[in-house]
Structures are given as structure tokens and as C-alpha cells.
There are 2 protein chains.
Amino acid sequence: MRPLFHPTIEDVRPEAILHALADPDRAAIFAGIMRSGCVEACSALSAIGDRVIPKSSLSNHVKVLREAGLIRSERHGVEMRNQARWAEVEARFPGLLVGIINAYASDLGGRPQAREPIEPGSRD
Amino acid sequence: MRPLFHPTIEDVRPEAILHALADPDRAAIFAGIMRSGCVEACSALSAIGDRVIPKSSLSNHVKVLREAGLIRSERHGVEMRNQARWAEVEARFPGLLVGIINAYASDLGGRPQAREPIEPGSRD
DNA sequence: TCCCATAGTTCGGAATTTCGGAACTATTGG
DNA sequence: CCAATAGTTCCGAAATTCCGAACTATGGGA
């Protein structure tokens with residue numbers, strides 16, 4: 001299969017990460033990928049709370065996350081496995097993801113995102 | 001003078017902060033406001049490196065930062081003083097700003113942004 | 001007081017980006 | 001080979017961003 005484009009960790013830019021996670025849907029998708037043991041099919045992510053995300057949008061969101069360097073996607077048979085590049089990103093930009101994910105998690109008054117705060121170093 | 005709109009800290013949303021700082025120009029402007037002792041006229045920010053930012057764009061960038069809850073702007077005579085709402089934002093979203101500013105600072109291979117990493121708690 | 005200069009905002013249209021339905025491709029099981 | 005599933009691509013509509021030009025607000029003279 002097509003070697004889906006993944007930036008090397010040195011090519012990952014902070015603005016791309018912020019842009020990717022500035023969208024609550026994408027942040028929720030990313031949080032979902034992390035929560036689910038770092039591996040998840042796309043279709044399992046197709047709903048944020050009760051809202052359904054059209055699959056073309058979902059595909060696009062996943063692509064944005066991938067090209068920002070946040071996840072690694074790999075085709076397994078007919079489906080796609082995604083895993084967060086947590087450790088790599090954490091090593092390159094210490095504290096960035098923790099800060100962002102915790103910010104969304106502590107903001108449950110608004111659109112719900114992640115479920116609970118996350119400790120660094122526990123993933124990937 | 002017009003009571004420029006500033007969100008209360010409880011109304012500040014993570015996605016607004018990420019969106020605001022996902023633009024390297026705005027991140028540089030924000031870093032500039034922090035570096036300069038938290039108070040700076042807009043016009044002093046009108047260049048990022050050697051690139052000149054048109055003033056309508058600058059005005060808009062500052063407005064985005066303000067409405068995201070990142071800075072407080074106040075008219076002093078003919079000019080505008082801006083200060084980072086560092087402590088407030090840090091209290092609401094611990095580690096978020098540090099992570100972001102440090103990410104940009106450690107990324108000086110690309111478009112230059114902030115000058116050096118920042119310790120938490122030293123500002124505002 | 002009137003006028004000018006300075007600092008910033010608003011307006012408006014062009015360029016860019018995002019969204020999502022419909023059609024398409026890829027892979028597997030039968 | 002066919003049908004079903006999972007995801008991607010295409011493309012037009014809607015939303016957003018960019019920035020020059022015109023405008024507003026404030027303070028300092030003369």
C-alpha cells in the first residue's frame with residue numbers, strides 16, 4: 001500500500017501541531033487514538049459524543065493529524081490502524097502535548113473532549 | 001474609551017488559544033509581548049524578523065490574541081498597551097503556554113519565533 | 001480652537017482553507 | 001468474480017484569512 005506520508009520527527013513543526021489540535025473534533029479524535037491503547041480503526045472514531053462526523057471529514061482529520069506528525073497510520077487489511085507518536089513528539093517538544101490534552105480535558109464545561117487528564121510518559 | 005472585549009478567564013477556550021498560537025506570526029507577536037516586560041505598543045511589534053506585517057493584519061492578530069484570552073489591551077493616550085495574561089492562563093491551563101512557547105523556541109531551525117525557552121511562573 | 005500627526009480599527013474584495021456528499025479505490029471473505 | 005467494508009479523492013459551497021485603502025480616535029502644537 002501507499003507509503004502514507006509521515007514527516008520525520010525533526011520535520012514536525014509546532015504550528016502544524018497547534019493547527020491540528022486547534023480543532024476540537026481533531027483534538028477529540030487524537031485523544032481517542034491515545035485512549036484506545038494507541039491503536040484504533042478510523043471508523044471507531046466516527047462519532048464525537050453524539051455528533052456523527054462524515055467519513056470524508058474524518059479521513060481528512062486523520063490526514064491532518066498524520067501530516068502534523070501526531071499519529072502514525074498503517075493499513076491492516078481493509079482497515080487503518082492509527083497510533084499516537086506520543087514519545088517522539090514529547091521528546092521533541094517536551095510538555096506540549098500534555099499541556100494541550102490536559103487543557104481540553106479540564107475544559108469539560110464546553111464541548112467535551114478527552115475524558116481525564118493524562119500523565120506524561122505513560123503512552124507510546 | 002471602548003471597553004475592548006476581553007473574555008473572563010473562565011470563558012477562555014483551549015481551542016481559541018491553540019488557534020491563536022497556531023499562526024507563527026501571532027505566536028511571535030505574543031512572545032514579543034511577553035518578552036518586553038508584558039507591555040508593548042502594537043507598532044513596536046510590526047516586524048517579525050525582517051518581514052513587515054501590514055498594520056491591518058497586525059491589528060487583527062492582536063485582536064485574535066485578545067479575544068482568545070491571551071493578552072489584555074488597554075489604550076494609553078494614542079497608543080495601545082498589551083500585556084500577556086500569563087498567570088491567569090497558566091492557572092486555568094497549567095503547562096499549556098509553557099509547552100507552546102518552548103516548542104516554538106526550540107524550533108529555531110524554521111521561522112524564528114521566541115528567543116529562548118521560558119520558565120513557568122516567571123511572568124505576569 | 002483648529003489642524004496635523006500618530007496609532008489603530010474597519011471595510012471590502014480577492015485568495016485560501018475547510019466542509020461534506022457523491023463517486024471512486026483498495027482489500028478481504030465467500 | 002462479486003459483494004461488502006474501510007477509506008480516499010473530487011469538487012462546489014461556505015467560511016476564513018489577508019491586506020490595501022479609507023476611516024476614527026487621541027494628543028500636541030500654533
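Computed from heavy atoms alone, side chains included, the values below leave out hydrogens, waters and symmetry copies. Below, chains carry the letters A, B, ... as their sequence lines are ordered, and counting in each starts from 1. The structure displayed is predicted, hence computed values, not measured ones.
To the nearest angstrom, P of D:dA6 lies 13 Å from CE of A:M80. Rounded to an integer number of Å, the gap from NZ of A:K63 to C1' of C:dT18 is 12 Å. Atoms CD1 (A:I29) and C1' (D:dG7) sit 14 Å apart, rounded to a whole Å. In this entry the distance linking NE2 of B:H76 with P of C:dG8 reads 13 Å, nearest Å. In this entry the distance linking CZ of A:F5 with P of D:dT8 reads 16 Å, nearest Å. Put simply, CG on B:L4 is 17 Å from P on D:dT24, counting in whole angstrom units. Atom CD of A:E67 is separated from atom C1' of D:dT8 by 13 Å (rounded to the nearest Å). Distance CG (A:L65) to P (D:dT8): 12 Å, rounded to an integer number of Å.
Residues meeting the side-chain contact (heavy atoms from CB on, under 4.5 Å) test with B:E79, sequence neighbours left out: B:A41, B:R81.
Regarding contacts with the backbone of D:dG7, every side-chain N or O of A:S59 stays at 4.0 angstrom or more from both OP1 and OP2.
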- Step-by-step side-chain contact (heavy atoms from CB on, under 4.5 Å) determination, A:L70 to A:V12: CA-CA 9 Å; A:L70 286 165; A:V12 171; over 6 Å; no
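Clustering ILVMFWY residues whenever any of their side-chain heavy atoms sit less than 4.5 angstrom apart, transitively, puts B:I9 in the very cluster that holds B:L97.
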List every contact pair, protein side and nucleotides 14-23 of chain D side both N or O, where the distance is under 3.5 Å.
unit_1: D:dT17; atom_1: OP1; unit_2: B:H19; atom_2: NE2; d: 2.8
unit_1: D:dC19; atom_1: OP2; unit_2: B:S57; atom_2: OG; d: 3.3
unit_1: D:dG20; atom_1: N7; unit_2: B:S56; atom_2: OG; d: 3.0
unit_1: D:dG20; atom_1: O6; unit_2: B:S56; atom_2: OG; d: 3.2

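Interatomic distance, B:R26 CZ to B:N60 CG, rounded to the nearest 0.5 Å: 8.0 Å.
Listed here is the closest heavy atom pair of A:M34 and A:A84: CG-CB, 3.6 Å. Closest approach of A:V98 and A:W86 over heavy atoms only: CG2-CZ2, 3.7 Å.
Side chain of B:E79, nearest nucleotide from C:dA7, C:dT9, D:dT9: C:dA7.
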